[in-house]
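Only one structure is covered here, and it is reproduced in the block below.
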Amino acid sequence: MKKILTNVKRILDNGSLQPCEIVMEDGKIKAIGMELEVPEAEKIDGKGNLVTPGFVDVHVHLREPGGETKETIATGTLAAARGGYTTVCAMPNTQPTPDSAEVLQSIQNRIEETAAIRVLPYASITKRLIGDQLTDMKELKQKGAFAYTDDGVGVQSADMMLQAMTQAAAIDMPIVAHCEENTLIHNGVMHEGEVSQQLGLPGIPSICESVQIARDVLLAEAAGCHYHVCHVSTKESVRVIRDAKKAGIRVTAEVTPHHLLMNETAITKNDANFKMNPPLRAIEDQEALIEGLLDGTIDFIATDHAPHTSEEKANGMEEAPFGIVGFETAFSLLHTHFVKKGIFTLKQLVDWMTVKPADTFGLPYGRMEIGTSADLTLLDLKTNENIDTSTFVSKGKNTPFDKWEVTGKPIMTIYQGQIAYEEGTK
């Protein structure tokens with residue numbers, strides 16, 4: 001049946017807002033315009049709110065299989081839909097790891113059975129994420145792997161990474177890297193700086209990340225591979241990526257909302273809800289990330305949604321796992337602290353959450369055009385409220401943003417022409 005979304009506004013290329021209506025049928029956008037005559041269509045009243053393409057997040061942890069106490073594909077994708085996302089790419093640090101065609105197929109089956117939105121699964125670069133044996137990348141691509149990553153750990157061997165990049169380049173697939181030199185971690189739990197010294201906690205130096213990015217961009221140049229850097233956090237990393245792009249190396253990068261919004265000074269006590277990897281860095285790193293996003297060095301925003309149980313996060317920085325949730329707070333926080341303050345335009349923010357990640361990986365999503373998938377997000381830009389973890393759809397409540405005041409939020413998410421989330425409904 002046809003549906004028509006009425007009484008909404010869209011963002012034009014020049015940043016202005018234009019009233020419009022959108023007709024959807026068979027999961028696709030059929031028409032965009034004003035006063036469209038579709039008498040047989042089911043009407044959805046947008047109540048004057050903004051409509052954008054459905055958000056795209058290429059860095060998420062859904063925990064299933066193996067970590068269902070933290071999150072499942074069902075709960076994670078519902079949380080993503082509540083946050084305005086219609087496409088998410090699930091990291092492979094699960095048990096078992098999607099390092100074979102059989103495991104990847106079983107995950108694909110589970111996605112088809114339980115996901116509320118589109119899930120594109122990663123496969124691992126190495127068997128069991130150990131770093132000593134490459135996976136069969138060609139076979140995994142045939143089974144629908146989105147890309148290859150050992151996210152959660154850095155590939156320590158330069159030779160192993162070069163082999164991986166060479167194989168990936170041969171089948172036109174990206175290598176996505178969590179960059180961390182293990183010999184420089186030193187059991188750190190937060191950024192190595194003034195705050196770690198004040199709190200008496202072991203720190204992770206910035207060079208731990210940037211030195212591996214510097215290695216990898218040169219390997220990517222040698223292999224002719226698309227190399228994507230996860231969750232950039234340091235000013236040195238931004239500099240390396242900027243220089244690599246200037247040199248014509250095919251490197252792209254992402255930044256998380258929490259690294260844009262906070263720095264190490266936000267941590268005033270031993271609270272594991274502030275423990276993430278990479279950690280919150282220094283003020284100058286935060287400033288470099290914002291500058292890098294604005295000048296195109298960093299390509300887009302990804303949440304690194306990483307749910308854990310409350311019991312795990314109650315253990316303090318030294319014992320708790322790394323990671324915070326991000327789906328249900330990303331847009332609201334970024335809109336409040338960057339768009340409302342005039343640092344980003346609304347068009348920039350929406351692009352960094354839709355078309356930019358999609359285009360980076362050649363995905364046919366993130367655009368609101370006739371013939372594309374009817375993946376839409378409806379945004380109320382005016383409502384003020386406080387973030388409340390007790391309302392989260394995600395099993396994970398682990399966030400440092402609880403009780404933060406925000407303005408603007410997703411109120412409806414449409415995936416392939418069907419409502420995947422609507423505020424106020426179960």
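When every heavy atom of Ile107 is checked against every heavy atom of Pro121, the shortest pair comes out as CG2-CB, 4.5 Å. The minimum heavy-atom distance linking Glu318 with Val189 is given by the pair CA-CG1, 4.0 Å. Contact between Pro410 and Ser332 at its shortest, heavy atoms only, is CD-OG, 4.3 Å. The two residues Asp402 and Thr389 come nearest to each other via the heavy atoms OD1-N, 3.2 Å. For Lys341 against Thr336, the heavy-atom pair with the smallest separation is CG-O, 4.1 Å. The shortest heavy-atom contact between Val119 and Ala90 is CG1-CB, 4.0 Å.
In this structure, Ser210 OG and Lys235 NZ are separated by 9.0 Å, a value rounded to the nearest 0.5 Å. In this structure, CE in Met262 is found 5.5 Å from CH2 in Trp404, a value given to the nearest 0.5 Å.
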Should Thr126 and Asp150 be marked as a side-chain hydrogen bond (donor to acceptor under 3.5 Å, both in side chains) after you check the CA-CA gap, both sets of side-chain angles, and the distance that decides it?
CA-CA 7 Å; Thr126 67; Asp150 276 7; 2.6 Å; yes
Check against side-chain hydrogen bond (donor to acceptor under 3.5 Å, both in side chains), Asp159 and Ser157
CA-CA 5 Å; Asp159 179 58; Ser157 163; 5.0 Å; no
Ring pair (Phe, Tyr, Trp, His ring centres under 6.0 Å), that's the test. Do His335 and His337 meet it? Break it down for me.
CA-CA 6 Å; His335 177 257; His337 292 276; over 10 Å; no
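Under a 3.5 Å cut-off, the side chain of Thr354 and the backbone N or O of Val350 do form a donor-acceptor pair. Not a single donor-acceptor pair under 3.5 Å links the side chain of Glu180 to the backbone N or O of Asn182. Remark: the backbone N or O of Lys356 is not paired with any side-chain donor or acceptor of Asp351 at under 3.5 angstrom. Between the side chain of Thr77 and the backbone N or O of Ala115 there is no donor-acceptor pair closer than 3.5 Å. Formation of a donor-acceptor pair under 3.5 Å by the Lys127 side chain with backbone atoms of Ser100 is not found in this model. Using a distance-only test at 3.5 Å, with no hydrogens or angles considered, a donor-acceptor pair links the side chain of Thr166 to the main chain of Leu162.
A salt bridge links Glu312 and Lys70; the closest N-O separation between the charged side-chain nitrogens and carboxylate oxygens is under 4.0 Å. Ion pairing between a basic and an acidic side chain is recognised when a charged N comes within 4.0 Å of a carboxylate O; Glu113 and Arg110 show such pairing. Using a cut-off of 4.0 Å between Lys/Arg side-chain N and Asp/Glu carboxylate O, Asp172 and Lys141 are scored as not salt-bridged. With respect to Asp136 and Lys143, no salt bridge is recorded, no charged nitrogen being found less than 4.0 Å from a carboxylate O.
Side-chain atoms of Pro202 and His186, non-hydrogen and from C-beta on, never get closer than 4.5 Å to each other. Contact annotation: the side chain of Leu378 never approaches that of Lys47 to less than 4.5 Å [non-hydrogen atoms, C-beta and beyond]. Looking at heavy atoms from C-beta onward, Lys245 lies in side-chain contact with Asp299 at the 4.5 angstrom threshold. A 4.5 Å side-chain heavy-atom check between His226 and Thr360 finds at least one atom pair inside the cut-off. Side-chain contact between Ile32 and Arg10 is present, with heavy atoms from C-beta onward closer than 4.5 Å. The shortest distance between side-chain heavy atoms of Glu192 and Cys208 does not fall below 4.5 Å. Using a 4.5 Å heavy-atom cutoff, the side chains of Ile29 and Leu376 are in contact. Side chains of Ser373 and Pro364 form no contact here, defined as non-hydrogen atoms less than 4.5 Å apart.
Residue Glu194 places its CD atom among 12 or fewer non-hydrogen atoms of other residues, nucleotides or ligands, all under 6.0 Å distant. Remark: Asn14 CG is packed, more than 12 non-hydrogen atoms of other residues, nucleotides or ligands lying under 6.0 Å away. The local environment of NZ in Lys382 is sparse, with at most 12 non-hydrogen atoms from other residues, nucleotides or ligands closer than 6.0 Å.
Each of Phe300, Phe146, Tyr148 was evaluated against His228; a single residue qualifies, Phe300, per the ring pair (Phe, Tyr, Trp, His ring centres under 6.0 Å) test. Between His59 and the choices Asp151, Thr149, Thr256, Thr303, the side-chain hydrogen bond (donor to acceptor under 3.5 Å, both in side chains) rule is met once, by Asp151. None of Arg281, His258, His259 except one satisfies the side-chain hydrogen bond (donor to acceptor under 3.5 Å, both in side chains) rule with Ser233; the exception is Arg281.
Under 3.5 Å, the side chains of Thr75 and Glu71 contain a donor-acceptor pair of N or O atoms. Counted by atom type alone, Thr407 and Asn384 present one or more donor-acceptor pairs between their side chains at under 3.5 Å.
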